[in-house]
Amino acid sequence: MTPDARNAMKRRTFLIGVTGLSTLVLTACVSPAPRPSASATATSTPAPTPTVSPVPKPAQMRRTSWSADPFARGSYSFAAVDSTPEQRTALAQPVLDRVFFAGEATSTDAPGTVQGGRDSGLRAAREIIAAAAPGERIAVIGAGIAGLSAARILKDAGFDVVLVEARDRIGGRIDTVSDKKWPFPVELGPSFVSHSDTTSLDEEFTRLGIATTPFPSASETRTTAGIVVAVPDTGEKAVATALAWATKQASDMSVQGALDGSGASTLSTADAGDGVSAADWLAFRVATVLDIDAGASVDQQSGWYTSADAGANEDRIVLGGYAHLLTKAAEGIDLLDSSVVTKLAYTDTGVSLRLGTGESLSADRVLVTVPLGVLKSGVLEFDPALPFAHRGAIADLGMGTLDKVWLQFDEPFWSTTAPLWTTVGGDEDFRVWINMMPLTGEPVLVGLVAGDTALRLAGTDDATVLAAALRGLTPFYVAPTPSPTPTPAP
């Protein structure tokens, strides 16, 4: 973080004047637990008591609530019903060659990924260099991977760059926490490097000496009774059938609408063995692949543009701290942290930023890299309003949420060495788990929730989330073997 004296100097250097704009009041990143309202009469039917899990309580816990984070408003973009890939291109278009856009939501090759965010920053930097005169002042809003990647290129190209960040740290949705109580860095944001034919961060991690390791896409799957079962292609085929049917329809619809309209969701609910039905396997595919991939429920995902190959990428998991990817890029760049931009005014000759503190900042050009969720919220005002194509893209593209709970145990209560766990059947919230023990030697588990489940849990307290997580881990619990009773000496 920038020292106070240096930060004050930067503000004197870059800020022009003080305005009367009121300071923007922002909510906390984790919503408080809801309080029950008083009731005049006692209810006659007591609320059911949730099943208590035999899984022991962890020594340490960390959780995320990205939907409640005012500087993110979600985790990553997805193809929502009636949105199109062309809208990502439209959102990336400069306005008057003064206002430029970057961020994973503007990526057509790798939306929703760190790779897409970085590549979009590099693309925007090239656009600015082509439009700007040497030495111009460029303001970059947002110190995530897109903003930092662009700022680095622009700074090295000789531009006067100021990076404006609402948080008191760099990284944005990349959030690596180093805590002495944890044996290795905790990734509250992305943990993986996803591979594709067009981009990969492997070389960058290797160059920086950041440890990564291959991570399998296949999981060990268990029923609620703890029985290990092989995953059939029932759910995968049903989804593929529905999406193929959707592409032939006259208008877009949700994935759920395609499942129902195609008849692909009409599956038997009868036990097909081990207590699992064909319908359960479809629900499994939805919960562990589609919901996670989009961060949204299938009744929000586009039937036209959701991929039937979701979840099929070969990934690497980052073990050495994702945020180290950003440290080098930030060196020597002037940073105004804890500075919320509330208004962006632009003309064909320059731009002006209004901050929540009441201060103003002028620049020749600006690069906007704030997350799609923040653009959707309207807390950043554009004057004049953005062109219709930009506003349409912001309105139509979806912003999904994926949250994590990190649990550190004193010792493992499980026996499996599989790094990826999933569960089928039942209605538990946490159905996907990452077992860090075979990767690090430490008894740490990471649970994932997405979409509607993540949004619901975001409004609850830590105790509620922990109880839900432990119930989700019950199928993997192995009861300790009792010590034999010593035989008395004769």
Side-chain angles (χ1 to χ4, degrees), residues 30 53 55-67 69 75-76 113-114 171 173-179 181-194 210-222 287-289 291-293 295 311 313 315-323 400-423 428-451 453-454 457-458 462 464-477:
V30 178
S53 171
V55 175
K57 289 187 177 180
Q60 304 292 336
M61 170 185 170
R62 284 267 189 170
R63 62 175 285 206
T64 66
S65 244
W66 286 107
S67 62
D69 183 333
S75 301
Y76 41 77
T113 69
V114 176
R173 285 166 282 175
I174 295 177
D175 188 6
T176 303
V177 176
S178 295
D179 187 327
K181 296 179 181 179
W182 290 81
F184 51 84
V186 173
E187 301 292 356
L188 299 179
S191 298
F192 293 92
V193 182
S194 298
I210 302 172
T212 67
T213 190
F215 194 83
S217 57
S219 65
E220 178 176 300
T221 302
R222 298 193 178 197
T288 65
V289 176
D291 286 1
I292 296 291
D293 197 60
N313 289 337
D315 297 333
R316 297 181 69 86
I317 189 169
V318 179
L319 302 177
Y322 224 121
T401 298
L402 183 143
D403 280 324
K404 299 178 180 178
V405 59
W406 283 72
L407 305 176
Q408 178 189 6
F409 294 89
D410 292 326
E411 57 184 12
F413 58 81
W414 59 92
S415 60
T416 177
T417 59
L420 180 61
W421 304 348
T422 52
T423 57
E428 300 300 344
D429 293 324
F430 287 87
R431 299 190 182 196
V432 179
W433 288 92
I434 300 169
N435 175 17
M436 300 296 290
M437 193 160 185
L439 307 172
T440 66
E442 299 289 344
V444 174
L445 301 176
V446 185
L448 307 180
V449 288
T453 303
L457 289 177
D462 287 355
T464 300
V465 172
L466 177 57
L470 297 184
R471 288 194 298 271
L473 285 170
T474 301
F476 300 92
Y477 174 74

Check residues 431-438 and write down every donor-acceptor pair under 3.5 Å in which the side-chain atom is one partner and the other belongs to a residue at least two apart or another chain.
{"residue": "Arg431", "atom": "NE", "partner": "Glu428", "partner atom": "O", "Å": "3.3"}
{"residue": "Arg431", "atom": "NH2", "partner": "Gly426", "partner atom": "O", "Å": "2.7"}
{"residue": "Asn435", "atom": "OD1", "partner": "Met437", "partner atom": "N", "Å": "3.1"}
{"residue": "Asn435", "atom": "ND2", "partner": "Ala418", "partner atom": "O", "Å": "3.1"}

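- Side-chain atoms of Asp175 and Glu187, non-hydrogen and from C-beta on, never get closer than 4.5 Å to each other.
- The side chain to side chain contact (heavy atoms under 4.5 Å, CB included) test with Arg62 singles out one residue from Leu407, Leu188, Val446, and that residue is Leu188.
- With sequence neighbours excluded, the residues that form a side chain to side chain contact (heavy atoms under 4.5 Å, CB included) with Gln60 are Lys181, Trp182, Gln408.
- For Thr213, there are no side chain to side chain donor-acceptor pair (under 3.5 Å) partners at least two apart in sequence or on another chain.
- Judged purely by atom type and a 3.5 angstrom limit, Lys57 has no side-chain atom pairing as donor or acceptor with the backbone of Leu466.
- By the ring pair (Phe, Tyr, Trp, His ring centres under 6.0 Å) test, Phe184 is found to be paired with no residue, residues two or more places apart in sequence or in another chain being considered.
- Here Asp315 contributes atom CG and Ser191 contributes atom OG; the two are 10.5 Å apart, rounded to the nearest 0.5 Å.
- A donor-acceptor pair is defined here as one N or O able to donate and one able to accept, closer than 3.5 Å; no such pair exists between the side chain of Thr212 and the backbone of Val318.
- Heavy atoms only, all atoms of each residue included: Pro58 and Leu470 are closest at CD-CD2, 4.4 Å.
- Under the rule for a side chain to side chain donor-acceptor pair (under 3.5 Å), the partners of Thr422 that lie at least two apart in sequence or sit in another chain are Ser219, Thr221.
- Across every non-hydrogen atom of Val193 and Tyr322, the tightest pair is CG2-OH, 4.1 Å.
- A distance of 4.5 Å separates CZ of Phe215 from CG of Leu420, quoted to the nearest 0.5 Å.
- Residues Thr474 and Ser53 have side chains that bring a donor and an acceptor to within less than 3.5 angstrom of each other.
- Judged as a salt bridge (Lys or Arg N to Asp or Glu O under 4.0 Å), and not counting sequence neighbours, Asp410 has no contacts.
- Remark: Asp403 pairs with Thr64 by the side chain to side chain donor-acceptor pair (under 3.5 Å) rule, at least two apart or across chains.
- Contact annotation: the side chain of Pro183 never approaches that of Thr440 to less than 4.5 Å [non-hydrogen atoms, C-beta and beyond].
- Residues Leu402 and Leu448 form a side-chain contact, since some pair of their non-hydrogen atoms from C-beta on lies under 4.5 Å apart.
- The two residues Val444 and Trp414 come nearest to each other via the heavy atoms N-CH2, 4.4 Å.
- The side chain to side chain donor-acceptor pair (under 3.5 Å) check on Thr416 picks up Glu220, with sequence neighbours excluded.
- The two atoms that bring Pro185 and Leu319 nearest to each other are CD-O, 3.8 Å, heavy atoms only.
- When atom types are taken as modelled, the side chain of Lys404 and the backbone of Arg63 share no donor-acceptor pair closer than 3.5 angstrom.
- The minimum heavy-atom distance between Pro56 and Tyr477, with the atom names listed, is CD-CE1, 4.1 Å.
- Nearest heavy atoms, Pro475 versus Thr423: CG-CG2, 3.9 Å.
- Every residue meeting the side chain to side chain contact (heavy atoms under 4.5 Å, CB included) condition with Thr453, not counting sequence neighbours, appears here in chain and number order: Asp429, Val449, Arg456, Leu457.
- The main-chain N or O of Val114 is never found under 3.5 Å from a side-chain atom of Tyr76 such that the two would form a donor-acceptor pair.
- Counting heavy atoms from C-beta on, the side chains of Ile317 and Leu439 come closer than 4.5 Å.
- A salt bridge is absent between Asp69 and Arg173; no separation between the charged side-chain nitrogens and carboxylate oxygens falls under 4.0 Å.
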Practice task
Give the intermediate values and the outcome of side-chain contact (heavy atoms from CB on, under 4.5 Å) for residues Leu473 and Leu445.
Solution key: CA-CA 10 Å; Leu473 285 170; Leu445 301 176; 3.7 Å; yes
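- Between Phe476 and Trp421, the ring planes lie parallel to each other; the angle is under 30°, not in the 30° to 60° tilted range.
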